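Excluded from the calculations below are hydrogen atoms, water molecules and symmetry mates; all remaining heavy atoms, backbone and side chain alike, are included. Because the structure is predicted, anything quoted here is derived from the model rather than measured.
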Amino acid sequence: MKFLTRRKLSTALMAGLFGLTAGMPVKAQDAPVKILVGFPAGGSFDAIARLLADKFKTELNRSVVVENKVGAGGRIAVDVLKMSPADGSVLMLGPDALTSFYPFTFKKLNYDVKKDLVPVGTVAEFAFGLAVGTAPKVNTWAEYVAWAKKNPQQANYGIPALGAPHHFYGILLGQAIDVPMMNVPYQGSAPIMLALMGGQISASIDVATSQVEAHRAGKIKILAVTSDARIPQAPEVPTFAELGYPNVTGMGFNALYAPPNTPAATVATLNQALAKIMTQADVKEKLNVMGFLPVGKSPQELIDRQNASAKKWEPIIKASGFTAD
């Protein structure tokens, strides 16, 4: 038998090792982590998820990808999350509507907030704004209220979805000014903006940052925002609280969730990574440009936030009589 050269011996050993491992299943920790998003690519939720994915790659030392499971206001993504392995390999970035609104707007909901959505942490929060377009030609909230009282049949407001926060902020405002403002649902923020600029609706209620660019360009005018303080992207715009409507205040939020039965240790690891990400200067800057304030606190903070939001909105939703199914 001839002796193998060093090169041939090395090649033979490598081939043998490959033969041993080729049939082995890929370890869970080697597979990419998925962040589910229940909304289309290109929107704010998608942008935040992709920012998180990029940062989680470093913090978790794993590949991280975003999967858009679009439809039903985020509820399709919840269905996917519920059926996913509870090992930290699948997460979901979800809106506050999932925990603070849908439980009261749907008689039959496809998930249980406490059982099926394991809180990892609040990612970011944001304000809502009421904006006007080309008709009526008003410059302040007081002028809009005066116009609405004279023209109650035309006092409507565009929203991106029924049963979401935008919808019920409009109900609160209608009650506050004693004008039954009529909601007009659209499929997302883009068609709302076109309708507003075209004078087809008198106002819109949407995430304030989706309105800021057109506001700065003079195409629309944000009259007020729901946050406690003025938003940095449009510091000239007053809050509803400043204008004498303290009940029309609040911040929307989005959060990261894990599948049911995810171990506490896994949640803690993910939360620590999220908290670290939210303190990074470039993350803060990018979120600020999009109009979001980073949070990244504990899972318990998210639970407390959800409970407080649900407590606030439940009586308002039930009093409205609205149901989504």
Lys312: salt bridge (charged side-chain N to carboxylate O under 4.0 Å, His left out) partners, not counting sequence neighbours: none
Qualifying ring pair (Phe, Tyr, Trp, His ring centres under 6.0 Å) pairs with a residue from residues 171-208, counting only residues at least two apart or across chains: none
So, are Lys55 and Glu59 salt-bridged, with charged N and O less than 4.0 Å apart? no
For Asp116, the side-chain contact (heavy atoms from CB on, under 4.5 Å) test, sequence neighbours excluded, returns Lys82, Tyr111, Asp112, Pro260
Applied to residues 211-244, the ring pair (Phe, Tyr, Trp, His ring centres under 6.0 Å) test, sequence neighbours excluded, yields Trp141-Phe240
Any pair with a residue in residues 46-81 that passes ring pair (Phe, Tyr, Trp, His ring centres under 6.0 Å), sequence neighbours left out, goes on the list, sorted by first then second residue, please. none
What pairs of residues pass the ring pair (Phe, Tyr, Trp, His ring centres under 6.0 Å) test when at least one of them lies in residues 256-297, not counting sequence neighbours? Phe126-Phe292
Who passes salt bridge (charged side-chain N to carboxylate O under 4.0 Å, His left out) against Arg216, sequence neighbours left out? none
Counting C-beta onward and ignoring hydrogens, is there a side-chain heavy-atom pair between Leu162 and Phe322 closer than 4.5 Å? yes
Test salt bridge (charged side-chain N to carboxylate O under 4.0 Å, His left out) applied to Asp46 - qualifying residues, sequence neighbours left out: Arg50
Restricting to side chain to side chain donor-acceptor pair (under 3.5 Å), what partner residues turn up for Lys297, sequence neighbours left out? none
Keeping the roles fixed (side chain from Asn151, backbone from Trp147), state whether a donor-acceptor pair exists under 3.5 Å. yes
Once side chain to side chain donor-acceptor pair (under 3.5 Å) is applied, do any residues pair with Gln300, and if so which ones, sequence neighbours excluded? Asp304
Contacts of Glu301 that satisfy salt bridge (charged side-chain N to carboxylate O under 4.0 Å, His left out) - sequence neighbours left out: Arg305
Which Ile, Leu, Val, Met, Phe, Trp or Tyr residues join Val225 in one cluster when any pair of side-chain heavy atoms under 4.5 Å counts as a link? Val212, Ile222, Ile231, Val237
Residue pair Ile48 / Val123: nearest heavy atoms and the distance that separates them: CG2-CG1, 4.0 Å
